[in-house]
Amino acid sequence: MSATATRVLVLNSGSSSVKYQLLDMTDAESIGGSAAGRLAVGLVERIGEETSRLVHTPLAAGGEKRETEGPIADHEAALKAVAKELAADGLGLDSPELAAIGHRVVHGGLKFTEPTVIDEAVLTEIERLVPVAPLHNPANITGIRTARALRPDLPQVAVFDTAFHTTMPEYAARYAIDVATADAHRIRRYGFHGTSHAYVSRKTAALLGKAPEEVNVIVLHLGNGASASAVRGGRCVDTSMGLTPLEGLVMGTRSGDIDPAVTFHLKRVAGMDEDEVDTLLNKKSGLIGLCGDNDMREIRRRIDEGDERAQLAFDIYIHRLKKYIGAYSAVLGRVDAVAFTAGVGENAAPVREAAVAGLEEMGMAVDASLNALRSEEPRLISPDYARVAVAVVPTDEELEIAQQTYALVNA
Ligand code: AMP
């Protein structure tokens, strides 16, 4: 790597989309929460369709958003289109200033506990995990292979969604099923959204003026996907997502926790096959299954108009959230902070208010006027007297991936 190479390209490759950010890591601390250091951001969506779309915002070059529509056949074509957009602003992939490419990889199993420089052996191992992450790892692998073909000489780093959770004790990670069967099929709690839980728990400690080792935090990552984690002294000790991102909280389209016997019932009694059950629980459940909407803004609007289905969906969502706050308070013993993050957690004040309502005996409360303030910055929303800090801490998974990537290639 050249001494002047300070940029990291972060790629998040989904099945039909690629999200990307180019960051300059010269002063990484200044990047969080602001556009400083963030040179370009963008998204290619509907890859493989006639109506693919590339939205590119060159923040370093004035920030004028550019949109291109038209067929983009596959991930290779998508990355080439991204490279062309970056090159148009003098930020091309061939730039000597590019230090590395950081890839978000959803499932790292038990093997990958740290960000890892990618070689063929690492790719083979990520491929071996496809059976436990059939929806995510194949797209991540395609993104990696394509980027490696474009810049074979450049270090490429995999940052795993599961890595932060590999510190969970065995009694939290292991399901209470037959050990031989579980081990043969690698069935256990892995947890996801790890880069977000890592970033937010660290930022929450900083907000309290403490080192991560000194604080116990419950992180509530509430986006379209949602997960909770219990973080003791900077290390994850439990998390709500499991073998797959289906377990745990009520999400936009996923059921979260459910009696597994429901799946047998759907097969035996309702006559559904595995794929139909999978689609029902992952895509047609959660908020959208309960009330027809998965956007919390729309649900709140309907509640304000007196819509009872929307109200019930909201109440179920909050009830589950409260159960996890209670469970993780017991797991941690002492809670210093509860941190809300991601689309819903950062923006939906009524969710934060309702989730913490009635928890005064547990030292948790929300101040209505602090909760109503909107900001991009990490902030406390609990009253001074509350024993537990309740905070809103905007997540930044791209920055976390870039920082981990940059640290590794400079190590
Ligand atoms: P994420 O997956 O983190 O991007 O979060 C996306 C979700 O955040 C959306 O589906 C909405 O439910 C929610 N969201 C985004 N903005 C708002 C807002 N202003 N108020 C309430 N919910 C929001």
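In what follows, residues are counted from 1 in the order of the sequence shown. Note that the structure is predicted; figures quoted are calculated from it, not measured. In each ligand, atom 1 is the first atom listed, and ligand 1 is the first ligand listed.
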Asks: Could you note down all residue pairs passing salt bridge (charged side-chain N to carboxylate O under 4.0 Å, His left out) where residues 325-350 supplies at least one of them, sequence neighbours left out?
Replies: Arg334-Asp336
Asks: Listing request: all ring-ring contact (aromatic ring centres under 6.0 Å, His included) pairs with a residue in residues 37-70, at least two apart in sequence or in separate chains.
Replies: Tyr20-His56
Asks: Could you tell me whether the side chains of Asn140 and Thr142 share a donor-acceptor contact shorter than 3.5 Å?
Replies: no
Asks: Between the side chain of Lys323 and the main-chain N/O of Leu249, is any donor-acceptor distance below 3.5 Å?
Replies: no
Asks: Would you indicate whether the side-chain heavy atoms of Arg352 and Ile381 approach each other to under 4.5 Å?
Replies: yes
Asks: Taking only heavy atoms of the protein into account, state which residues are under 4.0 angstrom from an atom of ligand 1, in chain and number order.
Replies: Gly223, Asn224, Asn294, Asp295, Met296, Arg297, Ala342, Gly343, Val344, Asn347, Ala348
Asks: If a pair satisfies ring-ring contact (aromatic ring centres under 6.0 Å, His included) and one of its residues is in residues 200-249, list it, with sequence neighbours excluded.
Replies: His193-His221
